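Values in this document were obtained by computation on a predicted structure and should not be read as measured data.
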Amino acid sequence: MAQYCNVAVGGVPIDRVFTYHLPDDIPAVAGSRVVVPFRQHRLVGIVTEFAERAPEMAVKDVLFSLDGDDLPALKPDLLQLGRWVSNYYLAPLGEVFRCMLPLHAEFRRVLVYRIAEPGELALHLAGTTGRARRGRQRTEDELAEFRVLDHLAAHDEVREATLKNLTRVSRRVLDGMVRKHWILRADASHAADRSRTRQIAILKDGQAKLTANQKMAVDALGQAGGRLPVETLRGFKIAKSTLEALARRSVIELREEALELQKPGLASV
């Protein structure tokens with residue numbers, strides 16, 4: 001069985017494919033859409049070919065597939081057409097494939113932030129001495145940074161759009177805080193097609209040490225017998241980032257389940 005695959009990554013203006021290790025439990029064939037790590041991000045690409053021999057350099061793993069192994073997004077004739085267009089117009093293959101179908105229709109780009117230990121220390125020093133560190137700094141930026149630290153200190157993780165909206169900061173300020181290691185930024189992009197499925201939260205470990213927000217989620221699951229739809233938990237004002245943090249700690253499991261579609265019928269009178 002092939003253990004490595006070449007992937008034409010969309011959104012990368014480089015005229016080459018990239019080799020990744022393909023774990024045994026990820027279904028993929030030539031033409032399948034896969035999500036792969038690229039630098040500090042997760043990107044969607046098209047599998048172009050496979051190989052059994054390991055490359056000379058270390059490679060990263062494919063994260064997951066957006067298609068099954070029996071229904072690739074691009075059939076062989078479309079793969080051939082994409083290669084021809086790439087060669088004829090001297091265009092990166094990943095960009096050509098991205099134009100041939102909506103690669104990101106089932107993939108949502110999400111960046112999340114959480115406070116780091118240096119940020120917690122800076123917040124503590126600011127509260128006790130009035131300054132986070134020596135040196136000159138623009139007052140508006142300093143205030144913006146501590147709005148971010150205050151908000152992140154009260155939450156497990158916060159999505160970038162939410163953080164920028166609630167704290168009124170720019171991406172420039174967040175970038176500077178990441179460089180100072182006050183906050184951590186992670187790519188939490190994921191499959192986003194929920195048209196025929198729903199996400200279920202299943203309680204696995206109710207005895208773990210939890211924050212207040214996490215305990216609220218675990219208590220709600222416990223009262224419901226250990227199983228609730230995520231949309232129900234969200235109705236209790238429990239943030240999705242809290243559930244994702246619990247899942248990473250194996251306190252809960254987040255599982256996709258198919259919805260039973262009811263056939264239309266005549267209403268009784």
Side-chain angles (χ1 to χ4, degrees), residues 40-42 107-128 130-133 137 140-192 194 198-224 226 228-255:
Q40 303 301 316
H41 302 285
R42 296 180 177 185
F107 188 70
R108 182 174 299 164
R109 296 281 299 152
V110 178
L111 293 176
V112 296
Y113 294 83
R114 64 179 185 272
I115 192 169
E117 288 187 8
E120 292 176 340
L121 178 61
L123 192 60
H124 173 72
L125 291 176
T128 57
R131 294 185 64 83
R133 61 177 187 174
Q137 186 178 30
E140 56 267 32
D141 282 356
E142 190 174 52
L143 291 174
E145 288 178 344
F146 285 101
R147 288 199 301 271
V148 171
L149 293 177
D150 278 332
H151 189 77
L152 291 180
H155 298 81
D156 299 307
E157 286 183 345
V158 181
R159 298 188 180 207
E160 181 174 90
T162 302
L163 187 62
K164 290 167 68 175
N165 181 55
L166 293 179
T167 61
R168 306 184 305 282
V169 298
S170 66
R171 178 64 181 270
R172 177 184 62 81
V173 171
L174 295 177
D175 288 344
M177 297 179 71
V178 170
R179 287 193 296 270
K180 290 190 294 187
H181 305 291
W182 282 10
I183 61 176
L184 301 174
R185 178 164 55 206
D187 191 330
S189 303
H190 57 277
R194 300 291 182 261
R198 68 175 179 177
Q199 197 170 40
I200 301 294
I202 301 171
L203 182 61
K204 298 179 67 178
D205 179 11
Q207 305 301 317
K209 184 177 180 180
L210 306 172
T211 66
N213 290 336
Q214 292 172 345
K215 188 175 187 305
M216 185 185 302
V218 168
D219 287 347
L221 283 167
Q223 291 294 325
L228 276 176
V230 166
E231 66 240 35
T232 301
L233 289 169
R234 296 294 303 279
F236 299 154
K237 306 300 182 183
I238 297 172
K240 189 171 183 180
S241 59
T242 297
L243 300 178
E244 292 169 345
L246 287 170
R248 283 194 296 274
R249 295 178 55 192
S250 298
V251 177
I252 67 172
E253 177 185 358
L254 296 177
R255 180 185 301 172

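- When all heavy atoms of A201 and V230 are compared, the pair lying nearest together is N-CG2, 4.2 Å.
- Look at R179 and D175 and you find no salt bridge, because none of the NZ, NE, NH1 or NH2 atoms lies under 4.0 Å from a carboxylate O.
- Closest of all the heavy-atom pairs between A220 and L228 is O-CD1, 3.8 Å.
- Under the rule for a side chain to side chain contact (heavy atoms under 4.5 Å, CB included), the partners of D205 that lie at least two apart in sequence or sit in another chain are Q207, A208.
- In this structure, R159 and L111 have side chains that are not in contact, with every pair of non-hydrogen atoms separated by 4.5 Å or more.
- Inter-residue side-chain proximity for L184 and V178 is flagged as unmet; no heavy-atom pair is nearer than 4.5 Å.
- Evaluated for a side-chain contact (heavy atoms from CB on, under 4.5 Å) with T211, the options L246, D156, T242 yield exactly one hit, D156.
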Report task. Dump the intermediate steps for side chain to side chain contact (heavy atoms under 4.5 Å, CB included) on L233 and L221, then the final yes or no. Result -> CA-CA 8 Å; L233 289 169; L221 283 167; 4.3 Å; yes
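- Considering all non-hydrogen atoms of both residues, F146 and A122 come closest at CE2-O, 3.6 Å.
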Report task. Before giving the answer on side chain to side chain contact (heavy atoms under 4.5 Å, CB included), spell out for L174 and V169 the whole-Å C-alpha distance, their side-chain angles and the decisive distance to 0.1 Å. Result -> CA-CA 7 Å; L174 295 177; V169 298; 4.0 Å; yes
Report task. List the steps and the verdict of side chain to side chain contact (heavy atoms under 4.5 Å, CB included) for L210 and R249. Result -> CA-CA 10 Å; L210 306 172; R249 295 178 55 192; 4.1 Å; yes
**Report entry** Steps toward salt bridge (charged side-chain N to carboxylate O under 4.0 Å, His left out) verdict (R248, E157)
**Finding:** CA-CA 12 Å; R248 283 194 296 274; E157 286 183 345; 2.3 Å; yes
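- Scanning for salt bridge (Lys or Arg N to Asp or Glu O under 4.0 Å) contacts around E253 gives R255, with sequence neighbours left out.
- Distance check, rounded to the nearest 0.5 Å: CE of M216 to CD1 of I238 gives 6.0 Å.
- In terms of heavy-atom proximity, I183 sits nearest to L149 at CG2-CD2, 4.0 Å.
- I115 CD1 to L123 CG: the interatomic distance, rounded to the nearest 0.5 Å, is 5.5 Å.
- The closest side-chain heavy-atom distance from L203 to V218 is below 4.5 Å.
- To the nearest 0.5 Å, the span separating CG on D219 from CD on Q214 amounts to 11.5 Å.
- By the side chain to side chain donor-acceptor pair (under 3.5 Å) test, K204 pairs with no residue at all, sequence neighbours left out.
- In this structure, the side chain to side chain contact (heavy atoms under 4.5 Å, CB included) partners of H151, at least two apart in sequence or on a different chain, are H155, V158, L163, L166, T167.
- The shortest distance between side-chain heavy atoms of Q199 and L243 does not fall below 4.5 Å.
- Classification of E142 and R147 as a salt-bridged pair fails, no side-chain N sitting under 4.0 Å from a carboxylate O.
- Pairs of residues two or more places apart, or lying in two chains, that qualify as side chain to side chain donor-acceptor pair (under 3.5 Å) and include a residue from residues 110-119 are Y113-E160, Y113-R185.
- Annotation: side chain to side chain donor-acceptor pair (under 3.5 Å) contacts of H181 (sequence neighbours excluded): none.
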